Amino acid sequence: MNEPQVNVDHFYHRPVYNVVGLLLSERSEVQALSRDLASAGVDVSAVEILCGEQGARILDAHGRYHGLRARIVRAFQQLGYDGNTLAVYDEALGHGELVLHVPASPADRRRIAALLQSHHVHDVGYFGPGTFEQFPP
């Protein structure tokens, strides 16, 4: 089985076409989740996980680590809903949680979100082009 990518340094303005959520860092849960995602037709090698201090630097909630463009992008995001979302993910990383990015088409977003929630992933949302959809528990 393919493995998710951990702390790969991709700076995202917004992770469009991704279901994103938070998981307390439990390796056994990540392995079980990976198996279920693969069974659901998700390319697990395209799943990205951010964790720890390195994950927080990659998320770069304030644009400090990815240059001028990142600082400008994040400054504008702080003015809107994206700023709140970034703050939640940044705080979760500081408390030892994992941020999961799972690629999903708009048609598959609800199914993938429900699968994540069945594995205790919380604060699940979907980034579409110019939209963010939060999924209730």
Side-chain angles (χ1 to χ4, degrees):
M1 174 178 66
N2 290 323
E3 295 287 323
Q5 301 176 55
V6 178
N7 285 343
V8 176
D9 197 353
H10 292 138
F11 176 81
Y12 290 105
H13 172 189
R14 301 180 88 242
V16 178
Y17 299 118
N18 275 262
V19 176
V20 179
L22 301 172
L23 176 66
L24 291 174
S25 68
E26 297 177 25
R27 270 209 200 281
S28 61
E29 194 66 42
V30 171
Q31 291 170 349
L33 176 58
S34 295
R35 280 191 302 274
D36 285 354
L37 286 169
S39 294
V42 173
D43 176 6
V44 176
S45 67
V47 173
E48 295 184 13
I49 298 174
L50 297 178
C51 58
E53 289 179 29
Q54 183 181 3
R57 279 193 301 277
I58 292 167
L59 176 68
D60 203 359
H62 300 285
R64 294 182 186 123
Y65 306 108
H66 290 92
L68 178 61
R69 178 183 170 277
R71 283 192 298 279
I72 293 169
V73 165
R74 292 296 194 238
F76 279 106
Q77 287 178 322
Q78 295 303 323
L79 301 174
Y81 188 78
D82 285 343
N84 294 332
T85 304
L86 284 165
V88 167
Y89 296 155
D90 190 50
E91 182 178 342
L93 286 166
H95 290 113
E97 293 190 67
L98 308 176
V99 176
L100 306 172
H101 291 186
V102 180
S105 69
D108 290 334
R109 71 189 189 281
R110 287 188 178 95
R111 181 174 61 89
I112 299 301
L115 191 152
L116 294 178
Q117 289 173 323
S118 74
H119 284 275
H120 311 290
V121 177
H122 64 97
D123 288 299
V124 176
Y126 181 74
F127 285 90
T131 65
F132 180 77
E133 179 180 1
Q134 189 79 40
F135 294 97

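What you see is a predicted model, and the numbers here were worked out from it, not measured in a lab.
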Could you tell me if the side chain of Thr85 sits less than 4.5 Å from the side chain of Val20, heavy atoms only?
no

Atom OH of Tyr17 with >12 non-hydrogen neighbours under 6.0 angstrom
no

ILVMFWY network linking Val6 to Leu37, side-chain heavy atoms under 4.5 angstrom
yes

Test of understanding: with side-chain hydrogen bond (donor to acceptor under 3.5 Å, both in side chains), list the residues that count as partners of Asp9, not counting sequence neighbours.
His66

With sequence neighbours left out, write down each residue that passes side-chain hydrogen bond (donor to acceptor under 3.5 Å, both in side chains) with Glu29, or none if nothing qualifies.
His119

Mark yes or no for whether Gln77, through its side chain, and His13, through its backbone, hold a donor-acceptor pair below 3.5 Å.
yes

Apart from Val8 itself, members of its ILVMFWY cluster (side-chain separation under 4.5 Å) are none

Report, one line per pair, each donor and acceptor closer than 3.5 Å where one atom sits in a side chain of residues 130-137; sequence neighbours left out.
unit_1, atom_1, unit_2, atom_2, d
Glu133, OE1, Arg109, NE, 2.5
Glu133, OE1, Arg109, NH2, 3.4
Glu133, OE2, Arg110, NH2, 3.4
Gln134, NE2, Val124, O, 3.1

Cluster check Val73, Val16: I/L/V/M/F/W/Y, side chain < 4.5 angstrom:
no

Just wondering, do Asn7 and Arg57 contact through their side chains at under 4.5 Å, heavy atoms?
no

Assess whether side chain to side chain contact (heavy atoms under 4.5 Å, CB included) is satisfied between Leu86 and Gln78, documenting all intermediate values.
CA-CA 8 Å; Leu86 284 165; Gln78 295 303 323; 4.2 Å; yes

With heavy-atom distances below 4.5 Å as the criterion, would you say the side chains of Val121 and Leu33 are in contact?
yes

Under a single-linkage rule joining Ile, Leu, Val, Met, Phe, Trp and Tyr whose side-chain heavy atoms are separated by less than 4.5 Å, which residues share a cluster with Leu68?
Ile72, Phe76, Leu79

List the atom pairs, with distances to 0.1 Å, where a side-chain N or O of residues 93-106 and a protein N or O form a donor-acceptor pair under 3.5 Å, not counting sequence neighbours.
unit_1, atom_1, unit_2, atom_2, d
His95, ND1, Glu91, O, 2.9
Glu97, OE1, His122, NE2, 2.5
Ser105, OG, Asp108, N, 3.3
Ser105, OG, Asp108, OD2, 3.3

Kindly state each residue pair satisfying salt bridge (Lys or Arg N to Asp or Glu O under 4.0 Å) with at least one member in residues 60-82, sequence neighbours excluded.
Arg14-Asp82

Exercise answer: donor-acceptor pairs, residues 40-56 side-chain atoms, under 3.5 Å, sequence neighbours excluded:
unit_1, atom_1, unit_2, atom_2, d
Asp43, OD1, Ser45, N, 3.1
Asp43, OD1, Ser45, OG, 2.6
Asp43, OD2, Ser45, OG, 3.4
Glu48, OE1, His10, ND1, 3.4
Glu48, OE1, Tyr12, OH, 3.2
Glu48, OE2, His10, ND1, 2.9
Glu48, OE2, Tyr12, OH, 2.9

Linking Ile, Leu, Val, Met, Phe, Trp and Tyr through side-chain heavy atoms less than 4.5 Å apart, which residues share a cluster with Leu24?
none

